[in-house]
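A quick note: this is a predicted structure, and the numbers were derived from the prediction, not measured.
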Amino acid sequence: VQLQASGGGLVQAGGSLRLSCVASGSDSGRDFSINHMGWYRQAPGSQRELVAGIIKSGGVYYNNSVRGRFTISRDNAANTVVLQMNGLKPEDTDVYYCGADVDYYTDGIVTSNFRSWGQGTLVTVSS
């Protein structure tokens with residue numbers, strides 16, 4: 001499964017950005033299903049951390065640092081996840097990555113799972 005992310009850029013503090021990520025394809029041609037989709041960020045020298053995540057049934061998670069400012073949503077039919085970022089702060093500056101936990105099926109049974117990553121998209125918030 002390939003993930004294509006878009007929407008990063010430069011914005012002033014207090015502004016908004018919208019990140020989108022579309023999942024497509026299956027390298028092996030096998031049926032697949034995506035349960036968890038999320039947005040992660042990683043600063044240089046730091047571990048990648050989950051910013052916001054959403055499962056197929058709609059349950060969501062937000063990192064404490066973004067709760068109340070960011071909203072994650074997804075379209076299951078389109079395998080798309082969107083992160084609406086409002087009230088951006090300089091400390092939100094990072095490279096953001098879309099991630100998806102993919103279950104692969106053989107004869108209707110999950111036989112493997114894998115986390116796919118999109119390319120990073122840079123979000124820069126100026127003070």
Side-chain angles (χ1 to χ4, degrees):
V1 171
Q2 294 80 44
L3 302 180
Q4 181 67 44
S6 61
L10 172 65
V11 66
Q12 289 188 330
S16 298
L17 283 174
R18 182 181 175 94
L19 304 183
S20 295
C21 178
V22 180
S24 63
S26 170
D27 295 344
S28 60
R30 293 163 61 192
D31 290 337
F32 67 93
S33 175
I34 300 175
N35 185 14
H36 178 266
M37 298 187 81
W39 287 94
Y40 300 73
R41 62 189 180 191
Q42 184 173 24
S46 299
Q47 288 188 331
R48 192 169 295 185
E49 67 170 358
L50 180 63
V51 175
I54 184 168
I55 59 176
K56 200 168 187 177
S57 61
V60 298
Y61 163 85
Y62 293 101
N63 188 295
N64 284 337
S65 64
V66 307
R67 187 171 290 117
R69 299 186 295 121
F70 292 9
T71 302
I72 190 168
S73 60
R74 68 184 281 177
D75 181 335
N76 290 331
N79 286 327
T80 300
V81 63
V82 172
L83 184 67
Q84 178 66 42
M85 305 186 293
N86 298 329
L88 282 161
K89 304 176 181 180
E91 52 263 43
D92 294 319
T93 295
D94 253 321
V95 178
Y96 285 71
Y97 297 87
C98 172
D101 295 335
V102 185
D103 291 332
Y104 291 91
Y105 292 80
T106 300
D107 296 332
I109 297 173
V110 175
T111 51
S112 62
N113 53 65
F114 186 75
R115 175 166 291 176
S116 292
W117 295 103
Q119 85 283 10
T121 184
L122 178 62
V123 171
T124 304
V125 185
S126 63
S127 57

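Contact check for Met85 versus Leu17: side-chain heavy atoms found under the 4.5 Å cut-off. Annotation: side chain of Thr71 is in contact with side chain of Tyr62 (closest heavy-atom distance under 4.5 Å). Under the 4.5 Å side-chain criterion, counting only non-hydrogen atoms from C-beta, Val11 is not in contact with Ser126.
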- Query: Should Val1 and Leu3 be marked as a side chain to side chain contact (heavy atoms under 4.5 Å, CB included) after you check the CA-CA gap, both sets of side-chain angles, and the distance that decides it?
  - Reply: CA-CA 7 Å; Val1 171; Leu3 302 180; 4.2 Å; yes
- Query: Please walk me through it: do Ser33 and Lys56 pass side chain to side chain contact (heavy atoms under 4.5 Å, CB included)?
  - Reply: CA-CA 9 Å; Ser33 175; Lys56 200 168 187 177; 3.0 Å; yes
- Query: So Leu83 and Arg18, side chain to side chain contact (heavy atoms under 4.5 Å, CB included) or not? Walk me through it.
  - Reply: CA-CA 6 Å; Leu83 184 67; Arg18 182 181 175 94; over 6 Å; no
- Chi angles and distances behind the side chain to side chain donor-acceptor pair (under 3.5 Å) call for Ser16, Asn86: CA-CA 4 Å; Ser16 298; Asn86 298 329; 2.8 Å; yes
- Message: If you apply the rule side chain to side chain contact (heavy atoms under 4.5 Å, CB included), what do you find for Phe70 with Val51, and how did you get there?
- Response: CA-CA 9 Å; Phe70 292 9; Val51 175; 3.8 Å; yes
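Around CZ of Phe114, the count of heavy atoms belonging to other residues, nucleotides or ligands within 6.0 Å does not exceed 12.
Of all the heavy atoms in Ser116 and Val102, the pair that sits closest is OG-CG2, 4.1 Å. The two residues Leu50 and Asn63 make their nearest non-hydrogen contact at O-ND2, 3.3 Å. Heavy-atom minimum distance, Thr93 versus Val125: OG1-N, 2.9 Å. Pairing each heavy atom of Gly87 with each of Arg69, the nearest pair is O-NH1, 2.9 Å. For Ile34 against Met37, the heavy-atom pair with the smallest separation is CG2-CG, 3.3 Å. Of all heavy-atom pairs between Arg41 and Asp92, the closest is NH1-OD1, 3.2 Å.
Residue Cys21 holds its SG atom at 9.5 Å from CD1 of Ile72, rounded to the nearest 0.5 Å. For the atom pair Tyr40 OH and Glu49 CD, the distance stands at 11.0 Å (nearest 0.5 Å). To the nearest 0.5 Å, atom OG of residue Ser112 and atom OH of residue Tyr104 are 7.0 Å apart.
Side-chain heavy atoms closer than 4.5 Å link hydrophobic residues (I, L, V, M, F, W, Y) into clusters, and following such links, even through other members, never connects Val22 to Leu19. One hydrophobic cluster, built from ILVMFWY side chains closer than 4.5 Å, holds both Trp39 and Val60.
The backbone N or O of Ile55 lies less than 3.5 Å from no partner atom in the side chain of Asn35, so there is not a single donor-acceptor pair. In this structure a side-chain-to-backbone donor-acceptor pair under 3.5 Å is missing from Arg115 to Gly99. Of the possible donor and acceptor atoms, none in the side chain of Asp94 sits under 3.5 Å from a partner among the backbone N and O of Tyr96. Gln2 contributes no side-chain N or O that, together with a main-chain N or O of Ala23, makes up a donor-acceptor pair within less than 3.5 Å.
Ring geometry for Trp117 versus Tyr97: interplanar angle over 60°, hence perpendicular rather than tilted (30 to 60°).
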